[in-house]
J.: 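Dropping the structure in here first, questions after.
A, B, ... follow the sequence lines: proteins, then strands. Residue 1 opens every chain.
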Number of protein chains: 2
Amino acid sequence: MDEKTAYIKTHIRDIPDWPKKGILFRDITPLLADAKAFPVAIKTLTEGFKDENIDYVAAVEARGFIFGSAVAEALGAGFIPIRKKGKLPAETEAVTYDLEYGQDTLEVHKDAIPKADSTVLMVDDLLATGGTMAAACHLIEKIGGNIAGISFLIELTDLKGREKLSGYDIETVISY
Amino acid sequence: MDEKTAYIKTHIRDIPDWPKKGILFRDITPLLADAKAFPVAIKTLTEGFKDENIDYVAAVEARGFIFGSAVAEALGAGFIPIRKKGKLPAETEAVTYDLEYGQDTLEVHKDAIPKADSTVLMVDDLLATGGTMAAACHLIEKIGGNIAGISFLIELTDLKGREKLSGYDIETVISY
């Protein structure tokens with residue numbers, strides 16, 4: 001773990017038993033609140049992809065939006081919001097995926113990537129089981145995007161989320 | 001309307017009859033997707049407040065996060081996420097407010113503003129009736145923040161949202 005990673009990690013707070021008993025939640029709000037550490041985190045999220053001419057950054061609501069839009073600005077890319085069902089106003093493409101209990105649906109505008117061969121960097125704060133990100137990647141590919149890679153702030157390695165995302169270039173800033 | 005405002009406005013798309021018949025929705029996704037126009041919008045959102053030593057930018061999920069985090073970075077401020085009920089992991093302060101039909105609750109971490117006399121800029125994409133933003137301001141004041149002002153990308157003037165936000169310094173980039 002390098003110095004920058006260690007610095008970012010000091011701004012992540014452990015919350016035991018949330019959202020349910022036995023889960024240790026990694027709370028990123030102290031990182032967001034720190035005007036010095038947050039830009040370091042954004043810069044670190046871009047590092048593996050800054051020479052790849054990223055056209056768009058895509059992220060899933062809601063926490064993903066916080067990192068996704070700042071990473072898009074840092075890379076000089078456009079931002080594509082991926083939302084829960086029924087939130088986007090124009091014609092959408094959708095993907096439904098399995099959760100631990102039940103299912104969820106993500107949507108993106110069908111015309112979100114107007115040019116062929118556009119490269120897209122996927123961004124999120126957390127790689128847990130990888131199910132949401134796998135669905136989000138599928139959605140971006142459905143509308144014609146080429147996924148250049150996936151950048152996560154935090155990876156929970158025990159949950160083996162990378163297995164659901166095989167074939168993609170994955171970078172994570174912090175691992176637990 | 002100056003040149004910059006006109007430029008930003010060309011990236012906002014009108015969607016008729018959404019979310020219901022008779023409503024003309026102003027869709028910001030083409031603005032987000034444009035790598036040149038989005039940074040102009042972020043800069044314009046900061047302009048009225050860049051000399052005010054803003055400590056924190058606060059925004060309500062989900063669309064508010066897209067603008068809030070980028071404005072926080074541009075101002076060298078920290079970012080405070082305001083979320084729907086049950087989403088934040090640590091101890092929260094809450095405020096419940098009336099919607100057209102029913103009620104909604106917003107929450108923020110009780111310890112989100114550790115220092116007294118911190119200044120907070122509120123950011124959102126849309127000023128409609130002003131109900132959500134009035135609740136968000138109340139919440140930030142409850143945890144000790146001093147609201148320096150409110151910066152909106154779009155104002156729907158017919159809905160008179162400013163009346164619900166009297167006493168605050170409000171800046172809007174685009175009016176309809």
Side-chain angles (χ1 to χ4, degrees), chain A residues 11 13-19 23-39 42-43 54-81 83-84 86-91 108-109 111-114 118, chain B residues 11 13-19 23-39 42-43 54-81 83-84 86-91 108-109 111-114 118:
Chain A
H11 294 85
R13 168 167 66 173
D14 292 347
I15 310 271
D17 298 323
W18 201 89
I23 305 282
L24 182 64
F25 188 80
R26 309 296 180 169
D27 177 22
I28 56 161
T29 61
L31 174 68
L32 304 178
D34 192 291
K36 289 198 182 73
F38 183 41
I42 296 300
K43 189 155 181 259
I54 302 297
D55 296 309
Y56 298 100
V57 171
V60 177
E61 70 172 300
R63 287 203 312 264
F65 285 3
I66 299 173
F67 293 92
S69 78
V71 168
E73 274 228 83
L75 289 171
F79 178 68
I80 299 174
R83 302 210 60 179
K84 302 293 173 71
K87 299 283 186 181
L88 286 167
E91 207 183 343
V108 73
H109 277 154
D111 63 0
I113 301 178
S118 293
Chain B
H11 293 85
R13 170 167 66 171
D14 291 347
I15 310 270
D17 299 323
W18 201 88
I23 305 283
L24 182 63
F25 187 80
R26 309 296 181 169
D27 176 23
I28 56 160
T29 62
L31 174 68
L32 303 178
D34 192 290
K36 288 200 183 72
F38 182 41
I42 295 301
K43 189 156 181 260
I54 302 295
D55 296 309
Y56 298 101
V57 171
V60 177
E61 71 171 302
R63 287 203 312 264
F65 285 3
I66 300 172
F67 293 92
S69 78
V71 168
E73 273 228 82
L75 288 171
F79 178 68
I80 300 173
R83 301 211 61 179
K84 302 293 172 70
K87 299 283 184 181
L88 287 168
E91 207 185 342
V108 72
H109 278 154
D111 62 0
I113 302 178
S118 293

J.: What residue, out of A/Ala35, A/Pro30, A/Pro19, has the most heavy-atom pairs lying under 4.5 Å from chain B?
T.: A/Ala35
J.: With sequence neighbours excluded, what pairs up with A/Asp27 under the salt bridge (Lys or Arg N to Asp or Glu O under 4.0 Å) test?
T.: A/Arg13
J.: Can you list every side chain to side chain donor-acceptor pair (under 3.5 Å) pair that touches residues 59-68 of chain A, not counting sequence neighbours?
T.: A/Glu61-A/Arg83, A/Arg63-A/Asp125
J.: As an exercise: rank A/Pro89, A/Gly78, A/Ala112, A/Ala62 by heavy-atom pairs under 4.5 Å with chain B and give me the winner.
T.: A/Pro89
J.: Considering only heavy atoms, give the residues of residues 65-72 of chain B separated from chain A by less than 4.5 Å, sorted numerically, with 'none' for an empty result.
T.: B/Phe65, B/Ile66, B/Ser69, B/Ala70
J.: I'd like to check the ring-ring contact (aromatic ring centres under 6.0 Å, His included) partners of B/His11; sequence neighbours left out, ordered by chain and number.
T.: B/Tyr7
J.: For B/Asp55, is it the side chain, the backbone, both, or neither that has a heavy atom closer than 4.5 Å to a heavy atom of chain A?
T.: neither
J.: Looking only at heavy atoms, what is the nearest atom pair of A/Tyr56 and A/Ile54, with distance?
T.: O-CG2, 3.1 Å
J.: Report which part of B/Ile42 has an atom under 4.5 Å of a heavy atom belonging to chain A: side chain, backbone, both, or neither.
T.: side chain
J.: Please flag which part of B/Pro81 lies under 4.5 Å from any non-hydrogen atom of chain A: side chain, backbone, both or neither.
T.: side chain
J.: What heavy-atom pair brings A/Leu32 and A/Phe38 nearest, and what distance separates the two atoms?
T.: CD2-CE1, 3.6 Å
J.: Just give me the residue among A/Leu88, A/Ile80, A/Val57 that pairs up with chain B most often, heavy atom to heavy atom, under 4.5 Å.
T.: A/Leu88
J.: If you count heavy-atom pairs under 4.5 Å between each of A/Ala59, A/Pro114, A/Ala90, A/Gly76 and chain B, which one has the most?
T.: A/Ala90
J.: What is the distance from atom CZ of B/Phe79 to atom OG1 of A/Thr29, rounded to the nearest 0.5 Å?
T.: 11.0 Å
J.: Between A/Lys87 and chain B, with a heavy-atom cut-off of 4.5 Å, which part of the residue counts as in contact: side chain, backbone, both or neither?
T.: backbone
